[in-house]
Amino acid sequence: MRTRAPKTSILLAALRACLCAGLCLGAGAAQAAEGTAAPAVNLPDIQRWTDASGAVVSYIGAPELPMVDIDLRFDAGSARDGAAFGIASMTSGMLKFGADGMDAEAIISAFAASGAHYGAGASSDSSQLSLRSLTDPAAFKMALDTFIAVVARPDFPDKMVELRRTQALSGIRARGQNIGTVGRIAFRKALYGDHPYGHPVGGDEDTVAALTAKDLARFHRAYYVAANLKITIVGAIDRAQAEAIARRIASALPRGEKPPPLPAPRKPARVFVHIPFPSQQAHVFIGHPLIEVGHPDAHLLGLGNRILGGGGFGSRMLDEIRVKRGLAYSSYSYFSPRRVAGPFAAGFQTRLDQAGQAIAVARQVMDDFIAGGPRPEELEAAKNNILAGYALRFAGNGKMLGQAAYIGFYDLPVDHLARHPEDIARAGAADIQTAFSAHVHPDRMVTVVVGGDAPPSVNGETAASR
Amino acid sequence: MLARKTIVVAVAFACATLTGACATSPARLAASASQPAPQHGVSEFALANGMKVFVNEDRRAPVVTVQVWYRVGASDEYDGITGISHALEHMMFKGTRRYPGDALSKTVKRAGGSNNAFTGHDYTAYFATLPANRLELGIELEADRMRGVIFRDEDFAKELEVVKEERRLRTDDKPMSRLYEQLAAAALNRSPYRRPVIGWMNDIENLTLDDIRRWHAQWYAPNNAMLIVSGDVEPREALRLAQKHFGPLPPAELPARKPQREPAQHDAREIELAAPAKRPHLALAWPAPAVGRAAEPWEPYALWLMSATLGGAETSRLQKHLVRERRIATSVSSHYSAYRRYDDVFVISATPLSNTSVEQLEAAIEEELAKFKNELVDEAELERARIQVRAGRVYAQDSVVGQAMRIGRLESLGIGWRAFYDVDAALAAVTPEQVRAVARKYLDSRRRTKATLLPQDKDANAGA
């Protein structure tokens with residue numbers, strides 16, 4: 001007899017301790033003391049299994065709304081482009097333009113007529129397809145049949161490939177008018193160089209112009225295979241239905257095999273470069289590659305980053321650059337663990353004549369944080385934010401889907417979502433300071449500035465012109 | 001399966017009211033005398049001071065969003081102080097006596113939540129998403145700052161700089177944003193939607209703290225605001241807390257609002273923006289009335305389906321013909337909203353592919369419009385558009401925050417939140433003849449505004 005997996009209830013004695021010790025700023029303490037009993041957070045029950053085809057499936061039953069979400073992720077991101085920059089992106093975008101003998105109009109109409117939302121795209125690590133459908137049987141059948149045809153049997157018709165290629169080239173040209181995009185592309189290149197993460201996901205003009213339908217079909221055959229697939233299903237269907245859906249999708253694909261691991265990026269050289277751009281603001285990006293998903297220090301770096309610049313108001317980057325000095329509207333730090341070391345970056349946008357000053361402030365903020373670690377009240381606040389607010393991460397089918405698909409794609413254990421708050425509760429200021437010292441090195445960072453004509457100067461050093 | 005109370009949220013196909021009983025209201029709550037049972041999971045109340053309260057029950061997760069929407073925005077501004085509603089929104093985060101400085105945001109975060117705000121033409125909204133057991137905190141914080149915010153010169157000086165950076169980031173350094181800002185100002189003479197919400201730069205530079213104080217005093221009153229609570233919440237409890245924290249705040253006499261009707265357009269208008277862009281862009285706009293503002297009540301619903309079939313979906317005529325078949329546009333779409341408080345426009349946006357000039361693209365669009373006015377759309381095309389609305393309504397139930405925002409928006413526009421659920425009959429009644437009729441009536445090139453973005457060599461005169 002199949003029994004439902006036990007629900008994971010995180011009452012968290014640690015959480016209670018954090019809330020009781022929490023200080024409240026200002027005279028509103030009396031009111032804020034309400035609710036110190038930690039709410040029991042029932043994590044969604046993620047059931048995970050491996051289909052006979054090799055695809056790994058995660059499922060969460062959510063019977064309240066008559067809808068279902070299906071997320072497919074292949075280890076087929078732009079990191080797998082090889083020399084054909086943009087092929088992963090174009091392949092994912094092409095799928096709906098012809099499949100199983102249906103032309104683009106038929107496919108688009110089928111999704112529309114069933115009320116379904118279809119999506120496809122590529123990032124550095126993955127190609128992703130999504131389907132959101134009503135569970136009404138006729139609608140769901142139409143949507144799912146079309147979805148399976150699109151993922152498993154795309155035709156890549158020459159005329160449509162030509163269309164997509166022309167559109168992609170137009171988009172690539174348009175990048176040059178968006179100062180933020182120009183900056184991000186230059187930053188990525190400076191961080192990763194020739195590493196598979198170093199080029200734009202959408203490719204470049206010369207590489208995209210050379211892509212043919214045969215190339216796309218070859219990429220699809222190689223990477224859109226069951227052994228390389230993570231399926232996540234959330235919605236008003238039961239386990240048996242989820243198994244059947246996953247089986248249908250996975251068995252429509254060849255079994256295939258997983259691609260080899262990606263190489264670890266090399267540490268970049270320290271650079272300070274300026275790219276001219278007709279603008280009133282300078283966009284600044286400062287950082288270097290950091291860690292991969294699953295790194296033992298991930299939660300410490302995450303917690304620390306929340307305090308440094310990832311937590312909005314109250315985080316140091318925003319407080320020092322925006323609130324105290326009025327230098328920017330947006331000022332942040334983030335890091336994005338990937339299959340191999342993903343980027344860490346601090347950044348902001350400011351009036352051209354303020355760029356040098358703002359860069360100096362940002363660097364000082366990072367230096368101070370790495371040297372001293374978080375203050376006790378900062379750490380308390382950040383922990384409380386994560387622990388007391390943990391249920392917010394699972395509020396709704398879409399959010400549950402995102403969480404389950406992420407841990408599924410990166411092969412994190414199902415209990416990761418339960419263990420994470422425990423790791424957070426245990427983290428100490430010294431642990432965070434140690435982790436930052438070990439991993440974050442401002443003296444080896446890349447600084448890219450885009451905007452205006454003249455390269456900015458910081459502490460006597462002028463950016464090199466590009 | 002989530003081990004929570006699974007009270008089924010009312011959905012489009014099986015419209016059941018919630019099982020939550022509507023208890024009689026004690027006299028001292030002074031809530032509105034008639035309390036209808038919740039419909040679609042939404043309960044509606046009014047406090048004695050005029051503040052409306054909406055509670056949307058969604059028990060799927062122990063989460064709640066607390067939102068206060070003020071009925072003030074760029075539409076209420078005038079020349080010389082454009083951007084003031086948005087600047088005031090920034091200043092509302094500078095603290096009160098009870099929660100000084102950034103204590104409000106810090107308190108929300110410590111409680112496990114997140115918060116933010118935004119300004120539009122017709123509303124300024126403040127929202128916090130919190131664990132469900134911190135409902136009172138969310139309500140208390142908004143009630144505290146409604147009248148309790150403290151304005152300081154040093155905060156204002158810095159925050160004005162932040163607002164200028166925001167304008168540079170969102171508009172001044174983005175050729176497309178500049179184009180659409182100019183389009184609004186050209187297509188509309190009088191309607192307040194002609195004004196950018198962020199304000200014109202010179203107006204921003206000349207805002208004073210006294211301006212902000214007056215604007216706040218005029219508009220931030222309970223009778224000009226609504227509280228929206230959405231999530232794992234018991235409506236009577238939300239009402240009790242609303243009364244406790246907002247009840248004591250006195251109403252204010254609000255300035256009279258003028259209709260600000262757009263005079264009928266009888267002229268064709270053209271603007272051309274040369275800017276540092278890499279590819280050209282074309283936008284065409286025609287005046288088009290929203291619900292409650294048209295000669296015939298069915299016209300806005302016909303315009304809704306006209307937009308959907310003409311350019312508003314991937315299956316639409318313009319996208320199919322110009323993007324996929326003729327291959328002269330890399331993208332094209334149409335935009336229309338049936339729910340507006342003031343007069344607005346129907347817009348077609350298009351980017352040519354490199355083999356096509358903007359003039360050629362414009363000619364092709366007008367060709368398509370001529371065909372559209374001469375033919376009838378299929379009933380199947382109309383039904384596809386209706387299905388999008390019905391399915392979208394189911395999907396929209398998944399977001400607690402989204403549901404609250406929709407209530408806030410529709411109420412601020414004077415349409416009423418029920419429109420989201422009650423629109424099916426009006427859309428079902430639209431005929432292909434009606435769609436053709438509104439296309440002929442409103443898509444007249446003699447009453448059209450055309451805006452073109454032309455890439456400018458960046459080495460040429462760089463005066464922005």
Side-chain angles (χ1 to χ4, degrees), chain A residues 4 7 22 24-28 31-32 34-35 39 42 44-45 61-67 104-105 108-109 112-113 115 132 134 163 166-167 170 173-174 176-177 179 278-281 311 313-314 322 325-326 328-330 349-351 381 384-385 387-389 391-392 394-398, chain B residues 1-4 6 8-9 11 13 60-63 98-100 102-103 105-107 109-113 129 131 133-134 136-137 140 158 161-162 165-166 168-169 172-173 175 276-279 313-315 320 324 327 330 353-354 384 387-388 390-391 394-395 397-400 458 462 464:
Chain A
R4 179 157 289 158
K7 279 141 287 264
C24 187
L25 298 162
Q31 287 297 337
E34 161 231 312
N42 282 316
D45 176 29
E64 296 94 343
L65 298 178
M67 57 186 272
E105 305 310 320
I108 294 168
S109 295
R132 167 165 274 194
L134 305 170
L163 170 65
T166 320
Q167 286 178 324
S170 173
R173 241 167 270 128
Q177 79 190 37
I179 183 175
S279 64
Q280 295 184 32
Q281 283 188 322
F313 288 113
R322 168 170 166 165
R325 293 173 175 83
Y329 169 70
S330 156
Q349 313 81 29
T350 190
R351 208 176 63 212
N384 279 356
N385 178 250
L387 299 176
L392 273 65
F394 308 103
N397 294 10
Chain B
M1 162 105 122
L2 300 163
R4 306 195 266 258
T6 54
V8 177
V9 174
V11 297
F13 299 99
R60 292 174 301 140
V63 159
R98 236 166 157 219
Y99 293 96
D102 61 359
S105 293
K106 284 194 159 129
T107 304
K109 288 196 178 109
R110 176 171 286 103
T129 305
N133 67 337
R134 306 311 304 268
E136 175 155 24
L137 176 66
E140 184 221 331
K158 275 177 283 193
E161 293 306 311
V162 173
E165 295 300 340
E166 190 180 348
R168 290 178 191 119
L169 178 66
D172 294 340
D173 281 352
K278 294 298 181 190
R279 57 183 188 182
E314 243 190 320
T315 45
K320 180 175 169 186
R324 296 195 291 276
R327 306 195 172 191
T330 184
L353 268 178
S354 48
R384 248 194 328 243
I387 287 169
Q388 293 308 309
R390 294 201 294 270
V394 174
Y395 305 144
Q397 307 284 0
D398 192 44
S399 167
V400 150
K458 70 180 184 181

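Convention: sequence-line order gives letters A, B, ...; per-chain numbering from 1.
- With a threshold of 4.5 angstrom between heavy atoms, A:Ala112 approaches chain B through its backbone and through its side chain.
- A salt bridge links B:Glu161 with A:Arg351: the closest approach of a Lys/Arg side-chain nitrogen to an acidic carboxylate oxygen falls below 4.0 angstrom.
- A:Gln177 places a side-chain N or O within 3.5 Å of a backbone atom of B:Lys278 that can act as its donor or acceptor partner.
- At a threshold of 4.0 Å, the pair B:Asp172-B:Arg168 does not count as salt-bridged, since none of the basic side-chain nitrogens sits closer than that to a carboxylate oxygen.
- For A:Phe313, there are no ring-ring contact (aromatic ring centres under 6.0 Å, His included) partners two or more places apart in sequence or in a different chain.
- Shown here are the side chain to side chain contact (heavy atoms under 4.5 Å, CB included) partners of A:Ile179, two or more places apart in sequence or in another chain: A:Phe277, A:Ser279, A:His283, A:Val450.
- Residue B:Thr129 touches chain A through both its backbone and its side chain, counting heavy-atom pairs closer than 4.5 Å.
- Comparing B:Val400, B:Thr330, B:Asp398, B:Thr315 by heavy-atom pairs within less than 4.5 Å of chain A, the highest count is held by B:Asp398.
- Only the side chain of B:Gln388 comes within less than 4.5 Å of a heavy atom of chain A; its backbone N, CA, C and O stay farther away.
- Looking at B:Leu169, the atoms closer than 4.5 Å to chain A (heavy atoms on both sides) sit in the backbone and in the side chain alike.
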